[in-house]
Visitor: 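Encoded as structure tokens, here's the structure I'll be asking about.
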Protein chains: 2
Amino acid sequence: MHKIQIKQAWTEVERCQHCAIRHLVLFSDLQRKDFELIHKPIDEIEYKLGDVIYKQNETMQFVYTIRSGLVKLVQSLPGGRPRIVRILGQGDLLGIESLNNQQTKHMAISLDKVDLCRIPHSVITSLQYNSPRLHKSLIVRWQKTLAMADFWITQISSGKIKCRVARLLLLLDKKSEGENFLMPTREDIGLMLGITTESVSKTTAEFKRQQWLMISKDNRATLDVKALEQLCSD
Amino acid sequence: MHKIQIKQAWTEVERCQHCAIRHLVLFSDLQRKDFELIHKPIDEIEYKLGDVIYKQNETMQFVYTIRSGLVKLVQSLPGGRPRIVRILGQGDLLGIESLNNQQTKHMAISLDKVDLCRIPHSVITSLQYNSPRLHKSLIVRWQKTLAMADFWITQISSGKIKCRVARLLLLLDKKSEGENFLMPTREDIGLMLGITTESVSKTTAEFKRQQWLMISKDNRATLDVKALEQLCSD
DNA sequence: CGCGCAATTGAGTTATATCAAATACGGTGG
DNA sequence: CCACCGTATTTGATATAACTCAATTGCGCG
């Protein structure tokens, strides 16, 4: 976990204004005068595979936006094994539930090398009183998050295992910004789908035999997208 | 479906300010000067069991808050049976995805007699530029909706059927403001849990034999909450 | 009373979980 | 570079939960 802090306000503004993925992140629609309201440092932080970004039931003073990489949100509830409830990727917002002094509802763990912007709550709250554009940004993000939650329920948590594994792989592919993705452990895939690791393994092994899923030496996955889409199209 | 329109602006303000469940709905924190920004009529609409409040893939000029009753959100996707992705109750926000000219992502259908406030988009957008309190209200609601989505994934869509049925019944009970609730059809419960109607029926029949679930002549359910909570507590 | 729909029940099938073993793999130290 | 270890993955045999299909019962309503 490597941290780059940008201390001077003007530098942050510069950075955010010229951020290559600005159109994807929280501050997409902000204008110069909005940026001038940012008085606290926004850090850029790198995580490597398996790093814990935050734990469940913590209070935080930050939210995060993802610059690159994938992050899993794990929820552990009394009387049930943990379950991965969402995968977040570029532009997604992380830890939003910690606003308003709430505790975090998940443990967030990186699924690969991950690059985040760490934004103090105070930046959000001071902006939200002054920037209708941030407000709109937040609503758009809300809509996207809910759409993902719905997808997780209808496509990832229901149906035949073969279909669910296929859909999940396609989702990981889509969320990986065109690059191939680091294959999650069979156990993690099981926690996403709500099935056992053995069932996952049997399915992915079959996919590999069919050449629908190819895994390189460094554990990166490439898909036969057409074939996998076909698999459950009816 | 019966509509009560409050035409004069001052009357609306009066109504919202004195609304009995104001602390639960979108405008909970609004103050007098916020209300003065409302220039469009907010209608109060009643629906009966099975009424369609809106359909999927529509554009709407309204969002709704629920004054009383329960509403199911059904999502139908190509290549899959429909699935109920959420149940909304008192204070919950309905059709939020229709803001920003998006299409609705679900069909919303009442599960009982339902009372809604219908709020024109313009009320939200004009307030959001002027009322940080509405903004905060929306974020709180976002957090609640996501918590429900997570619950749906971890508790309603995973695990043994007996547990899932029990958890769903307990949820319906909790969302019913202390009153007993109208028992949904076995088919609807199946669409919530992602299982077949027969499996639901076998489970609820068993619960009735155990007296953990009692259904009155008019199809209202009362639970042995303790027993059902016990059922899957480990 | 009987029609129509929803709910229940039962028998047989299938998908997935469970349990146990074997194999592959990545990293470490020699 | 190789041998070894621990962990992850794959595979197989069996048990079980849930689905499917079909029949029956119950219930509200005309």
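Every chain is numbered from 1 and lettered A, B, ... according to where its sequence line falls, protein lines coming before strand lines.
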Visitor: Judged by atom type as modelled, is there a donor-acceptor pair below 3.5 Å linking the side chain of A/Arg164 to the main-chain atoms of A/Gly159?
Guide: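 At least one qualifying donor-acceptor pair exists.
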Visitor: Looking at every strand, decide which applies to A/Lys208 at a 4.0 Å heavy-atom threshold: base, sugar-phosphate, or nothing.
Guide: sugar-phosphate
Visitor: Considering the options B/Leu116, B/Val63, B/Thr65, B/Thr104, which one meets the side-chain contact (heavy atoms from CB on, under 4.5 Å) requirement together with B/Leu94?
Guide: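 That would be B/Leu116; it is the only one of B/Leu116, B/Val63, B/Thr65, B/Thr104 passing the side-chain contact (heavy atoms from CB on, under 4.5 Å) with B/Leu94.
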Visitor: Grab the two heavy atoms, one from B/Ile96 and one from B/Leu138, that are nearest each other, plus how far apart they are.
Guide: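 Distance-wise, the nearest heavy atoms are CD1-CD2, 4.3 Å.
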Visitor: Quickly work out the A/Ile161 CD1 to C/dT18 C1' distance and round it to whole Å.
Guide: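 Distance, rounded to whole Å: 13 Å.
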Visitor: side-chain hydrogen bond (donor to acceptor under 3.5 Å, both in side chains) with B/Asp150: which of A/His106, A/Lys105, A/Arg83?
Guide: A/His106
Visitor: Please give me every residue in residues 163-170 of chain B whose heavy atoms get under 4.0 Å of an atom in DNA chain C, ordered by residue number.
Guide: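 DNA chain C contact set from residues 163-170 of chain B: none.
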Visitor: Can you check the B/Glu206 CD to C/dG10 P distance for me, whole Å?
Guide: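 Interatomic distance, CD of B/Glu206 to P of C/dG10: 12 Å.
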Visitor: Please check: side-chain N/O of A/Ser157 versus main-chain N/O of B/Ile153, any donor-acceptor pairing under 3.5 Å?
Guide: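 Looks like no, no N/O pair under 3.5 Å.
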Visitor: Which part of the nucleic acid, if any, lies within contact of B/Lys162, taking any heavy atom under 4.0 Å across all strands shown: a base, the sugar-phosphate backbone alone, or nothing?
Guide: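 The answer is nothing, as B/Lys162 stays clear of every strand by at least 4.0 Å.
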Visitor: Is the closest basic N to carboxylate O distance between B/Glu229 and B/Lys226 below 4.0 Å?
Guide: no
Visitor: Measure CZ/A/Arg209 against P/D/dT10 and give the value in whole Å, please.
Guide: 9 Å
Visitor: Specify the separation, in whole Å, of atom CG of B/Leu49 and atom P of C/dA6.
Guide: 12 Å
Visitor: Identify whether the distance between the nearest side-chain nitrogen and carboxylate oxygen of B/Lys72 and B/Asp188 falls below 4.0 Å.
Guide: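 Yes, B/Lys72 and B/Asp188 are salt-bridged.
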Visitor: Could you give the NZ-to-C1' distance, from A/Lys160 to C/dT16, as a whole number of Å?
Guide: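 These atoms are roughly 11 Å apart.
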Visitor: Grab the NZ-C1' distance between A/Lys202 and C/dT14 for me, whole Å please.
Guide: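 From A/Lys202 NZ to C/dT14 C1': 14 Å.
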Visitor: Between B/Ser199 and D/dC19, does any side-chain N or O lie under 4.0 Å from OP1 or OP2?
Guide: yes
Visitor: Within residues 181-195 of chain B, which residues have any heavy atom lying less than 4.0 Å from an atom of DNA chain D?
Guide: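 B/Ile195 - these, ordered by number, are the residues of the stretch whose heavy atoms sit under 4.0 Å from the strand.
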Visitor: Any ring-ring contact (aromatic ring centres under 6.0 Å, His included) involving residues 158-180 of chain B? Give me the pairs, sequence neighbours left out, ordered by first then second residue.
Guide: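 Found none.
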Visitor: With the side chain of B/Arg81 defined as its heavy atoms from C-beta on, choose the nearest nucleotide among D/dT10, C/dT16, D/dT20.
Guide: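 Given the options D/dT10, C/dT16, D/dT20, the side chain of B/Arg81 is closest to D/dT20.
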Visitor: Are A/Ser201 and D/dT10 close enough that a side-chain N or O sits under 4.0 Å from OP1 or OP2?
Guide: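 True: A/Ser201 side-chain N/O within range (under 4.0 Å) of D/dT10 OP1/OP2.
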Visitor: Taking the side chain as every heavy atom from C-beta outward, state whether A/Lys208 and A/Ile215 have any atom pair closer than 4.5 Å.
Guide: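 A side-chain contact under 4.5 Å exists here.
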Visitor: Round to a whole Å and report the spacing from CD of A/Glu198 to P of C/dA22.
Guide: 16 Å
Visitor: Check B/Arg86 with B/Asp92, please: is the shortest side-chain N to carboxylate O separation under 4.0 Å?
Guide: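 No.
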Visitor: Tell me whether the side-chain N/O atoms of B/Thr204 come closer than 4.0 Å to OP1 or OP2 in C/dT8.
Guide: yes
Visitor: Taking 4.0 Å as the cut-off, does a side-chain nitrogen or oxygen of B/Thr196 come that near to OP1 or OP2 on D/dC19?
Guide: yes
Visitor: Find the distance A/Asn219:CG to D/dA8:P and express it as a whole number of Å.
Guide: 12 Å
